[in-house]
Amino acid sequence: MPNYTAIERKWQGRWEEAKLFRVTEDPKRTTCYILEMYPYPSGSGLHMGHARNYCIGDVYARFKRMNGFNVLYPMGYDSFGLPAENAAIKAKSHPQRFTEEAIRRFIRQQKGLGLSYDWDRMIASHTPEYYRWDQWIFLKMLEKGLAYKKRSVVNWCPECQTVLANEQVHAGKCWRHEETDVEVKDLEQWFFRITDYAEELLDGIGTLDGWSDDVKTMQRNWIGRSEGAEISFPIEGSGKRITVFTTRPDTFFGITFLVYAPEHPDVLELVRGTKYETQTKAFIRKVVLEDRFLRTAEDREKEGMFIGRYATNPITGERIPLYIANFVLHEYGTGAIIAVPAHDERDFQFAKKYGIPIKVVINPPDFDLDEKRMNRAYVGDGAMVNSGEFDGMNNRDAIPEFARFFEKHGCGKATVQYKLRDWLISRQRFWGCPIPIVYCDACGIVPVPEKDLPVRLPDGFAFTSGKGNPLEQCESFVKTACPTCGRPARRETDTMDTFVDSSWYFLRYCDPANAEMPFDPKKAAYWMPIDTYIGGKEHATMHLIYFRFFTKFLRDLGLLRIDEPTKNLFNQGMLHKGGVVMSKSKGNVVSQEEIAARFGIDTARFFLMFVAGPEKDMEWDDQAVAGSYRFLNKVHALGTGKKVVTASRPAQLSRLHAAIRDVTADISSFRYNIALIRIMEIANYLAAQEDVSREALEGLVLLMAPFTPHLAEELWEHIGNKGFVSVAPWPKHDETRIDKALIASEDYIKRVQADVRSVLEIIKAGSPKRITLIVADAWKHDLVGKVRVKLEETHDVSKIIPAVMDKAHAKEIPKIVSALVKNPSRIPLVMLGAEGELKAAKAAIPSLTRGFGCEAQALTETVAAKKGIAKAAGAMPGKCAIHVEK
RNA sequence: GCGGGGGUGCCGGAGUGGUCAAACGGGCUAGGUUGAGGGCCUAGUGGCUUAGUGCCUGCGCGGGUUCAAACCCCGUCCCCCGCACCA
């Protein structure tokens with residue numbers, strides 16, 4: 001077996017030495033920016049699941065590079081984050097140590113995979129050279145009013161010991177800790193005003209043609225735009241008003257109560273000093289603090305209470321009782337709702353439970369509702385009733401009318417609401433980008449001046465305890481001077497969410513060493529947008545929203561000219577083993593080292609790209625890998641052992657060009673598995689030939705180069721080519737060189753050979769003494785008859801077997817077979833085809849008859865070309881007779 | 001409940017109106033090669049049938065459109081992923 005380890009080392013070394021994959025801006029060339037989501041460098045290193053993800057991008061990058069594009073294909077590390085910090089706490093060390101060790105290991109492994117990154121552009125977000133620009137962007141956000149600090153109820157993960165953004169809370173659990181319930185704290189925290197971009201983020205989704213529908217749908221739902229109306233009601237005995245948001249202003253006359261979210265600040269004020277105060281406080285505590293996420297489950301029992309106050313309907317003057325309830329959310333809309341039990345299921349359940357009246361204002365088309373007999377809300381459409389001037393209207397038509405109606409009466413207007421909330425970026429952790437803020441007793445909140453950036457994390461600092469944010473314990477960091485007045489002041493000890501780092505890293509790759517700016521706008525204009533972004537779907541409502549937001553912000557800052565970071569998002573599938581996702585925590589990882597040692601890394605690459613389409617989940621199969629290994633061995637033997645001829649081999653080249661055509665299309669559309677099947681077909685075909693034309697062999701090597709680059713380089717060199725196949729031009733297929741008839745005729749020969757086998761099997765059963773076979777490859781069916789006549793003139797033939805696969809002739813076979821069995825003495829088969837093919841078929845005869853205890857003899861004669869048969873067949877005439885004696 | 005994806009041979013997976021359902025790989029069976037082999041080569045691998053290139057069946061289930069359906073339409077069951085009282 002070839003020494004794949006040596007081959008890999010040799011070529012990885014040469015690529016590195018030649019800086020083969022380094023790119024620079026070249027205005028004359030078309031760019032192609034291919035990017036995989038940069039990884040968190042975990043201490044456990046890479047396994048086959050990672051390998052698959054990177055290979056998907058690498059194949060594409062190599063393909064595009066060979067196609068002449070100026071390919072930007074970089075790698076970097078999302079190197080701030082909790083695991084390194086936790087490891088440091090445990091070891092009383094510094095997270096930088098763990099992080100940089102992990103990065104070194106990642107790089108070594110990624111190089112070992114043969115990934116064609118431009119390593120000169122590598123970045124790591126924990127370096128001051130990188131995170132100073134996080135801080136710079138933060139200051140710009142602050143300047144534009146998009147970064148702000150506010151006190152609010154926030155999500156707290158007790159495991160991470162820090163707050164989380166809404167996007168990082170999944171079904172009440174921390175995104176990193178499936179088991180950990182997120183708690184609630186009331187804290188003062190930094191936010192980014194992503195909601196300012198809600199409308200644009202939503203509209204922009206329509207332009208993301210190359211994103212999958214489900215990711216787009218998830219983003220739409222996450223942003224959650226709804227149109228409706230805001231209505232406000234004066235509260236009796238108080239100067240205050242209660243303002244609500246509703247998407248169903250048409251149900252206005254059906255309102256029988258109003259509900260506040262329990263944590264709404266007005267609630268306490270309204271009950272202060274009343275007999276409801278104690279009970280209200282207890283209810284709030286229960287709902288808000290104990291029940292924060294449970295309460296939002298759909299099947300949660302609706303609970304609430306009357307708070308002793310009434311509002312007045314500004315139109316009808318009716319008294320409307322005010323409630324608080326667990327199903328009303330403070331964060332959405334105005335934190336208060338109108339309740340129309342007749343036409344909303346939640347309101348209905350609540351009204352039934354607490355004995356609140358129900359008032360119908362919309363009737364279904366076919367009957368009238370009776371409030372006393374309703375057992376659920378009617379949420380459908382219909383004609384308005386009990387609604388004053390709106391009576392008789394269709395409720396849908398009435399919705400826009402109501403907005404005008406409220407405006408006329410000065411109690412409301414049409415508005416739009418979003419579910420998207422501002423992005424909480426503060427984290428109470430050490431290993432993140434420091435927020436560049438100083439607190440001064442005299443000057444208040446003071447931004448660190450740009451010239452003082454970066455605010456560096458302390459280096460020599462050793463963790464002493466696992467309690468709280470370690471940064472708070474570091475006096476040398478905390479104590480500083482106020483940038484404005486120079487008096488002693490304290491630094492902000494919160495660091496930024498690591499999703500801030502990853503929101504713009506793709507821009508830094510365009511200009512990774514820039515010390516003046518986060519990136520040169522000219523360079524970004526050259527490379528951006530990302531042509532193909534590869535990563536998991538799990539970031540649909542996290543990173544994939546944030547990086548769009550940053551792109552738009554940096555555009556508004558004048559640094560970018562694009563509206564979206566990428567129009568093409570490719571979501572790769574997961575690698576499974578034993579039916580579950582391959583991961584260290586599941587204990588089912590297959591290590592890169594193990595596979596590389598057993599089969600070589602090209603085998604791993606090949607297998608990972610071959611088994612399933614890259615977008616699909618696939619199962620790792622230890623046994624099946626061996627199949628890929630066998631194939632690569634075969635190709636290696638083909639490339640190094642087979643006789644190579646310069647002569648044209650039309651059949652080989654026909655197949656090669658067909659393969660080039662298909663493989664090119666398949667790679668372009670990420671159908672790698674199909675591309676590899678085509679490659680296997682052509683390779684297997686060539687391997688079965690006596691010799692192989694140089695052109696065909698080179699073509700095969702070129703087609704394989706993106707998938708198995710080391711093997712391809714080795715063979716490329718062996719054939720006698722200079723330079724690297726990795727940067728050789730991708731082969732262009734030439735349709736005129738694909739001789740379909742020739743390919744078809746070869747395929748027919750194979751089938752004829754199979755037929756001969758079948759016939760011989762039967763002969764064996766019938767024990768003939770002596771037979772003669774003439775093979776008829778009648779791929780021009782109409783020739784069979786002519787040939788038969790022709791042959792009967794000159795030969796002693798008793799039967800022609802038209803050994804073709806088409807149905808019409810196949811029907812004759814049983815008859816012929818019976819004739820053969822009954823009278824096996826002289827059964828002729830005739831074969832027509834190109835001369836070379838006939839030779840091949842003839843050469844195959846001994847092997848075909850082997851094992852039958854027969855002596856085989858092949859006789860060849862030429863059928864009269866002068867009769868025009870050959871011309872009609874588009875092939876050289878010939879016949880092949882087999883004389884078999886037992 | 002809503003949204004998205006999917007149900008094809010022993011397995012991983014192709015094929016999305018017809019000329020060929022199961023490409024390609026794995027597994028299994030038989031034969032060959034070999035001193036030997038977890039190597040290589042060849043053939044077979046839905047059912048029926050003495051045999052066949054024949055017949056039947058067949059792409060979750062039930063209907064439908066069509067000369068023609070794994071593929072299009074309707075209904076239904078199951079699996080996976082996301083979102084889930086957002087007024």
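Letters A, B, ... are given to chains in the order of the sequence lines, protein chains preceding strands, and every chain is numbered from 1.
Whole-Å rounding puts the A/Lys216 NZ to B/G82 C1' distance at 16 Å. Regarding A/Glu303, its CD atom lies at a distance of 13 Å from the C1' atom of B/C85, rounded to whole Å. Summarising the geometry, the separation between NE2 on A/His170 and P on B/C81 is reported as 15 Å, rounded to the nearest angstrom. Regarding A/Lys577, its NZ atom lies at a distance of 15 Å from the C1' atom of B/G26, rounded to whole Å. Put simply, CZ on A/Arg220 is 14 Å from P on B/G3, counting in whole angstrom units. Following rounding to the nearest Å, A/Tyr260 (OH) and B/C86 (P) show an atom-to-atom distance of 21 Å. Straight-line distance from the CE atom of A/Met574 to the P atom of B/C81: 11 Å, rounded to whole Å. Per the geometry, NE2 belonging to A/His576 stands 13 Å off C1' belonging to B/C79, to the nearest Å.
Using atom C1' as the reference point in both B/C74 and B/C67, the two lie 22 Å apart (nearest Å). Distance noted for atom C1' between B/G35 and B/A43: 26 Å (whole Å). Comparing the C1' positions of B/U76 and B/C81 gives an interatomic distance of 22 Å, to the nearest angstrom. B/U65 and B/C73: their C1' atoms are spaced 7 Å apart (whole Å). Here, B/G47 and B/A84 have their P atoms 50 Å apart, quoted to the whole Å. B/A69 sits 15 Å from B/G62 when the C1' atoms are compared, rounded to a whole Å. Rounded to whole Å, the P atom of B/C86 lies 15 Å from the corresponding atom of B/G3. Nucleotides B/U19 and B/G13 are separated by 24 Å at their C1' atoms, to the nearest Å.
For A/Arg678 and B/A23, the shortest distance from a side-chain N or O to OP1 or OP2 is not below 4.0 Å. Considering only side-chain N and O atoms, A/Arg598 lies nowhere under 4.0 angstrom from the phosphate OP1 or OP2 of B/G38. For B/A87, one of the phosphate oxygens OP1 or OP2 lies less than 4.0 angstrom from a side-chain nitrogen or oxygen of A/Tyr332.
Across B/C24, B/G27, B/C86, the shortest atom-to-atom separation from the side chain of A/Met680 is found for B/C24. Side-chain atoms of A/Phe327 lie closest to B/C85 of the nucleotides B/G3, B/C83, B/C85. Of the candidate nucleotides B/A87, B/G15, B/C83, B/C83 has the atom nearest to the side chain of A/Trp222. Considering only side-chain atoms of A/Met218, the nucleotide from B/G82, B/C86, B/C41 that sits closest is B/G82. With distances taken from any side-chain atom of A/Ile677 to the nucleotides B/G27, B/C24, B/A87, the minimum falls on B/C24.
At a threshold of 4.0 angstrom between heavy atoms, the contacts of A/Lys634 are confined to the sugar-phosphate backbone, with no base atom among them. Among the protein residues, A/Val328 comes within range of the nucleic acid bases, having at least one heavy atom under 4.0 Å from a base atom. Backbone-only engagement by A/Ser226 is indicated by non-hydrogen atom pairs under 4.0 Å involving sugar-phosphate atoms exclusively. In this structure, A/Arg225 reaches neither bases nor backbone, as no heavy-atom distance under 4.0 Å exists between it and the strands shown. Note on A/Gly224: nothing from the nucleic acid sits closer than 4.0 angstrom, heavy atoms only. Counting non-hydrogen atoms under 4.0 angstrom, A/Glu681 reaches the backbone sugars and phosphates but no base. Among the heavy atoms of the strands lying under 4.0 Å from A/Arg630 are primed sugar atoms or P, OP1, OP2 only; no base atom is included.
The pair A/Asp691-A/Lys642 does not meet the salt-bridge criterion, since no charged nitrogen lies less than 4.0 angstrom from a carboxylate oxygen. Taking the charged nitrogens against the carboxylate oxygens, A/Lys577 and A/Asp622 do have a contact shorter than 4.0 Å, which makes a salt bridge.
Remark on RNA chain B: of its neighbouring residues A/Asp214 and A/Leu676, the 5'-side contact belongs to A/Asp214, judged by nearest-heavy-atom nucleotide.
Residues meeting the salt bridge (charged side-chain N to carboxylate O under 4.0 Å, His left out) test with A/Glu345, sequence neighbours left out: none. Considering only residues two or more places apart in sequence or on other chains, A/Ser232 meets the side-chain hydrogen bond (donor to acceptor under 3.5 Å, both in side chains) condition with A/Arg241. Residues satisfying the salt bridge (charged side-chain N to carboxylate O under 4.0 Å, His left out) criterion with A/Lys353, sequence neighbours excluded, are A/Glu301. Scored by the salt bridge (charged side-chain N to carboxylate O under 4.0 Å, His left out) test, A/Asp381 finds A/Arg396 as partners (sequence neighbours excluded).
Pairing for B/A36 is absent, judged as Watson-Crick or G-U wobble with the two contacts each under 3.5 Å. Summarising the base pairing, B/G25 is matched to B/C11 through a Watson-Crick or G-U wobble pair whose two defining distances lie under 3.5 Å. Figure legend. B/A51 is base-paired to no nucleotide; pairs are counted as Watson-Crick or G-U wobble with both atom distances under 3.5 Å. Taking a pair to require two hydrogen-bonding distances under 3.5 Å in either a Watson-Crick or a G-U wobble arrangement, B/G1 pairs with B/C83. Using the Watson-Crick or G-U wobble rule with both distances under 3.5 Å, B/C61 pairs with B/G75.
Taking a 6.0 Å sphere around CE of A/Met305, one finds it holds more than 12 heavy atoms contributed by other residues, nucleotides or ligands.
Separation of atoms CD (A/Glu167) and OG1 (A/Thr541) is listed at 6.5 Å; rounding is to 0.5 Å.
The minimum heavy-atom distance between A/Pro341 and A/Ala351, with the atom names listed, is CB-CB, 3.6 Å.
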What string of B, S and - do you get for nucleotides 8-13 of chain B, 5' to 3', if B is base contact, S is sugar-phosphate-only contact and - is no contact with any protein heavy atom under 4.0 Å? ----SS
Could you tabulate the donor-acceptor pairs under 3.5 Å formed by side-chain atoms of residues 666-675 of chain A, not counting sequence neighbours?
unit_1   : atom_1 : unit_2   : atom_2 : d
A/Asp666 : OD1    : A/Arg671 : NE     : 3.2
A/Asp666 : OD1    : A/Arg671 : NH2    : 3.1
A/Ser668 : OG     : A/Thr664 : O      : 2.7
A/Ser669 : OG     : A/Ala665 : O      : 3.0
A/Ser669 : OG     : A/Asp666 : O      : 3.4
A/Tyr672 : OH     : A/Ile56  : O      : 2.9
A/Tyr672 : OH     : A/Tyr60  : N      : 3.4

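For B/G31, the base is anti relative to its sugar; the glycosidic angle deviates from 0 by more than 90°.
Taking the centre of each ring, A/Phe350 and A/Phe327 come in below the 6.0 Å mark.
Side chain A/Lys302 to base B/C85: a donor-acceptor pair is found below 3.5 Å.
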